[in-house]
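The basis for the numbers below is simple: all heavy atoms, side chains too, and nothing from hydrogens, waters or symmetry mates. Each ligand, and each atom within it, is numbered from 1 in the order the structure gives.
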Amino acid sequence: MNEPRVLISPSILAADFARLGEAIAVVEKAGADMIHIDVMDGHFVPNLTLGPVIVKAVRGVTSLPIDAHLMVTDPEAYASVFIDAGADYVVFHSEASEDPATLIDRIHDLGGKAGLAVNPPNPAEQLEPFLSGIDLALVMTVNPGFAGQSFIGEVMPKLRTVSDWKRERGLEFLIEVDGGIGPSNAGTVVENGGEVLVAASAIFKADDPAAALREIRAAGERAVV
Ligand code: DX5
Ligand code: ZN
């Protein structure tokens, strides 16, 4: 298969936690490329979700890369905890960090890959100073806090800006997009530069999660020129 590929990172936030191992096995078999774990602290976002014990449990049942999406007010305090638990990517929101560049270096020193996230109301410029140092840029298409929200299409020009900067500057970070993604908008996301599509509800709330994952990827790949 030498066609360009769209990567899919199912977010376990909408999985059945009583059967998490099975849920991961299903998406892994269906071709998931990464597993996205949404960490919310009840401060940075108004919800409490998953912590390092879940990352560790997921690490124990899959060899796929784990991307830990830290929606926390103090990412400095937790980066090493998540890397120790088995996360490959530690993705944080730069407005939550006093010194994103230092945290990016620290994540690298700890053996992790570093990602920076930008929320829908915030501009691409929030990421710009750090682009040459990161492994992943996460463009949010919902305001973080909950699975099952509607995709905010107004974010597409910002996604395209990040994608243009990547190409023009010869940078190599992955462009991940997260929030409200499903078969109906995966093509738009890819057309605008999305490379890793995160989806929780569209996969885990579907009657057939494996088919849903394949459908999202196919819709994205149809948009690859
Ligand atoms: C939102 C999280 C997302 C969320 C995606 O705060 O960062 O990863 O779980 O859920 P869906 O795909 O249902 O919008
Ligand atoms: Zn997320």
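For ligand 1, the polar-atom distance check finds an N/O of A200 within less than 3.5 Å of one of the ligand's N/O atoms. Note: no N/O pair closer than 3.5 Å links V198 and ligand 1 by distance alone. Polar contact check, N143 against ligand 1: no nitrogen or oxygen pair lies under 3.5 Å apart. Remark: ligand 1 and M140 share no N or O pair separated by less than 3.5 Å (distance only, no angle test). Backbone and side-chain nitrogen or oxygen atoms of Q149 are examined, and none is located within less than 3.5 angstrom of a nitrogen or oxygen of ligand 1.
The protein non-hydrogen atom at the shortest distance from atom 6 (O) of ligand 1 is G145 N, 2.7 Å. Closest to atom 13 (O) of ligand 1, if we only count protein heavy atoms, is S201 OG, 2.5 Å. Closest protein heavy atom to atom 9 (O) of ligand 1: D38 OD2, 2.9 Å. Nearest protein heavy-atom contact of atom 5 (C) of ligand 1 is D178 OD1, 3.5 Å.
Those atoms of ligand 1 that come under 4.0 Å of a heavy atom in A199, given as number and element, are 12 (O). The distance from ligand 1 to the heavy atoms of G148 drops below 4.0 Å at these ligand atoms: 11 (P), 13 (O), 14 (O). Every atom of ligand 1 with a heavy atom of H69 under 4.0 Å away is listed here by number and element: 7 (O). Atoms of ligand 1 lying under 4.0 Å from at least one heavy atom of L13, given by number and element, are 9 (O). For ligand 1 and S11, the ligand atoms under 4.0 Å from any heavy atom of the residue are 8 (O), 9 (O). The contact set between ligand 1 and F146, taken as ligand atoms under 4.0 Å from a residue heavy atom, comprises 1 (C), 6 (O). If you number the atoms of ligand 1 from 1 as listed, the ones under 4.0 Å from a heavy atom of P144 come out as 6 (O). Interface atoms of ligand 1 facing G180, defined by a heavy-atom separation under 4.0 Å, are 11 (P), 12 (O), 14 (O).
In the hydrophobic cluster analysis, where Ile, Leu, Val, Met, Phe, Trp and Tyr join through side-chain heavy atoms closer than 4.5 angstrom, V196 is grouped together with L138. Note on M140 and L131: separate hydrophobic clusters, where clusters join Ile, Leu, Val, Met, Phe, Trp and Tyr whose side-chain heavy atoms are under 4.5 Å apart, directly or indirectly.
Residue D38 approaches the Zn ion (ligand 2) most closely through its N/O/S atom OD1. Within D178, the N, O or S atom lying nearest to the Zn ion (ligand 2) carries the name OD2. For H69, the N, O or S atom closest to the Zn ion (ligand 2) goes by the atom name ND1.
Taking the charged nitrogens against the carboxylate oxygens, E195 and K166 do have a contact shorter than 4.0 Å, which makes a salt bridge. Ionic pairing of D67 and K113 is not present here: no N-O contact between side-chain nitrogen and carboxylate oxygen is shorter than 4.0 angstrom.
Between the side chain of Q126 and the backbone N or O of V118 there is no donor-acceptor pair closer than 3.5 Å. Between the Q149 side chain and the V142 main chain, no donor and acceptor come within less than 3.5 Å of each other. Remark: the backbone N or O of T188 is not paired with any side-chain donor or acceptor of N185 at under 3.5 angstrom. A donor-acceptor pair under 3.5 Å is absent between the side-chain atoms of R214 and the main chain of R217, judged by distance alone.
Residue contacts with ligand 1 do not include K205, since none of its heavy atoms lies under 4.0 Å from the ligand.
Residue contacts with ligand 1 for A147 involve both N, CA, C or O and side-chain atoms from C-beta outward (heavy atoms, distance under 4.0 Å).
Using the six-membered ring where Trp is involved, H93 and H69 have ring planes that are parallel, under 30° apart on the 30 and 60° scheme.
With contacts defined as side-chain heavy-atom distances shorter than 4.5 Å, the pair Y78/P52 does not qualify.
Interatomic distance, D105 CG to D99 CG, rounded to the nearest 0.5 Å: 8.5 Å.
In plain terms, the two heavy atoms of M71 and D38 that are nearest each other are CE-OD1, 3.2 Å. Scanning both residues, F92 and S97, for their nearest heavy atoms gives CE1-CB, 3.8 Å.
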